[in-house]
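Just so we're clear, the structure is a prediction, and the values are computed from it rather than from any experiment.
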Amino acid sequence: MAPSASPAPGRDRPRGFIFDLDGTLVANMPLHAEAFAVFGERHRLPRFTEDLRARLDGKRNRDIFPILFDRELTADEQRRFADEKEGLYRELARGRLSPLPGLVRLLDLLDRRGLPAALATSAPLENVAYTLGELGLASRLTRVVRSDSVPRGKPHPDVFLAAAQLIEIPPAECLAFEDAPAGVLAARAAGMRCIALTTSFPEETFAAHQARADATVADFDAFLAGPGAWLV
């Protein structure tokens with residue numbers, strides 16, 4: 001991994017920070033994969049491979065389930081499948097979640113500098129509240145845009161554009177953090193700079209999907225020691 005150089009002083013530094021949730025604030029994608037594995041066995045679906053994960057991670061459930069079942073789904077089926085799978089995730093995740101190293105320190109630094117932050121996530125409403133609660137961040141990350149509330153999910157830019165609008169910072173002056181190729185592509189399409197976190201996939205996977213980030217880091221400690229050192 002080779003983090004890019006710190007931004008130059010002044011206008012090149014981001015003024016807004018946009019975070020994905022799953023796999024970015026917390027390394028919980030293995031728990032989602034475990035939930036999908038149980039779900040897949042129940043419904044006799046193809047095995048949830050690493051390649052399939054790289055294609056689907058970061059997308060909305062309503063975009064994922066038709067691919068898994070290889071057919072169009074009714075609204076009732078979408079709702080039932082999402083409730084089942086996300087319920088499995090919440091059961092598996094109970095007591096097992098903690099913020100990614102350096103995240104709380106980064107949020108403290110953003111608060112100190114008065115730099116706004118928001119979430120741009122494909123997670124459903126129940127999971128957003130649950131995961132932030134388990135991380136102890138519900139009162140700190142209150143500005144949230146979910147992909148279900150915009151016309152198109154990742155890799156389209158809609159959720160990132162809405163998050164930038166929410167914090168009133170132009171997308172070009174925002175820095176996004178993502179853990180999946182679809183998320184990096186979405187942030188890039190929104191005109192944002194983007195940091196890729198290798199919590200879910202190695203750097204090679206991003207390259208294979210043409211998801212080119214400004215820097216690739218293991219966690220937020222590495223970000224603050226490299227491209228984010230100007231914040232310290």
Side-chain angles (χ1 to χ4, degrees), residues 20-98 100 119-135 144-159 178-187 189 196-211:
D20 176 45
L21 176 59
D22 293 318
T24 298
L25 301 188
V26 53
N28 63 343
M29 293 312 294
L31 295 172
H32 278 288
E34 191 176 343
F36 265 121
V38 174
F39 178 88
E41 287 179 7
R42 288 179 180 177
H43 296 275
R44 300 183 180 182
L45 298 175
R47 191 168 63 87
F48 205 63
T49 63
E50 188 77 7
D51 180 64
L52 187 60
R53 277 192 56 211
R55 287 173 47 212
L56 299 183
D57 276 12
K59 294 187 176 183
R60 305 177 293 190
N61 279 334
R62 70 186 192 207
D63 297 323
I64 291 174
F65 286 121
I67 295 172
L68 292 180
F69 283 88
D70 196 27
R71 64 179 176 86
E72 292 294 321
L73 301 175
T74 67
D76 180 65
E77 286 176 318
Q78 288 275 25
R79 186 166 47 253
R80 286 191 292 106
F81 292 151
D83 287 347
E84 180 182 351
K85 182 267 165 180
E86 301 307 344
L88 285 167
Y89 159 72
R90 292 191 293 271
E91 289 176 18
L92 290 166
R94 190 171 296 116
R96 299 172 65 183
L97 303 182
S98 59
L100 208 64
L119 295 186
T121 176
S122 298
L125 179 62
E126 296 84 356
N127 280 14
V128 174
Y130 175 84
T131 301
L132 288 178
E134 288 283 299
L135 296 176
V144 180
V145 180
R146 294 183 298 105
S147 290
D148 279 343
S149 68
V150 296
R152 302 172 300 174
K154 301 172 185 177
H156 298 289
D158 303 31
V159 69
E178 267 286 354
D179 73 298
V184 172
L185 290 169
L197 293 147
T198 55
T199 50
S200 303
F201 300 100
E203 189 170 3
E204 295 75 23
T205 299
F206 292 95
H209 289 263
Q210 305 299 309

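- The side-chain heavy atoms of H43 and F81, taken from C-beta on, include a pair separated by under 4.5 Å.
- We find the CG-OG1 distance between L25 and T131 to be 9.0 Å, quoted to the nearest 0.5 Å.
- In this structure the side chain of L68 reaches within 4.5 angstrom of the side chain of L52, judged on heavy atoms.
- Under a 4.0 Å N-O distance rule, the pair R79/D76 qualifies as a salt bridge.
- A donor-acceptor pair under 3.5 Å links the side-chain atoms of E134 to the main chain of G95, judged by distance alone.
- Residues R42 and L88 have side chains in contact (heavy-atom distance under 4.5 Å, counting atoms from C-beta outward).
- F65 and F69 have tilted rings, their planes meeting at an angle from 30° to 60° on a 0 to 90° scale.
- Looking only at distances, no side-chain donor or acceptor of T198 sits under 3.5 Å from a matching main-chain atom of E203.
- Rounding to the nearest 0.5 Å places CG of D148 at 9.5 Å from CG of L125.
- The environment of R71 atom CZ is dense: over 12 non-hydrogen atoms of other residues, nucleotides or ligands sit within 6.0 angstrom.
- Residues S147 and S122 approach most closely at OG-OG, 3.2 Å, considering heavy atoms.
- Using cut-offs of 30° and 60° on the angle between ring planes, the pair Y89 and H32 is parallel.
- Taking 4.5 Å as the limit, some side-chain heavy atom of R152 sits within range of a side-chain heavy atom of P157.
- To the nearest 0.5 Å, the span separating CZ on R96 from CG on N28 amounts to 10.5 Å.
- The structure places CD of E91 at 12.0 Å from CD of E86, a figure rounded to the nearest 0.5 Å.
- For the pair T121/D20, a side-chain contact is recorded, criterion being any heavy-atom separation below 4.5 Å from C-beta on.
- Residues I64 and L56 approach most closely at CD1-O, 3.7 Å, considering heavy atoms.
- Residue L21 comes nearest to A123 through the heavy atom pair CD2-CB, 4.1 Å, listed as atom of the first residue, atom of the second, then distance.
- Aromatic ring centres of F201 and H209 lie farther apart than the 6.0 Å criterion allows.
- Summarising the geometry, atom CG belonging to L45 is positioned 12.5 Å from atom CD1 belonging to I67; distances are rounded to the nearest 0.5 Å.
- When all heavy atoms are compared, the tightest approach of D179 to S200 is OD2-OG, 2.6 Å.
- In terms of heavy-atom proximity, P155 sits nearest to K59 at CD-CE, 4.0 Å.
- Taking the side chain as every heavy atom from C-beta outward, L185 and K154 never approach each other to under 4.5 Å.
- Shown here for L197 and F206, the closest heavy-atom pair between the two residues is O-CZ, 3.8 Å.
- Counting heavy atoms from C-beta outward, H156 and V150 have side chains that stay 4.5 Å or more apart.
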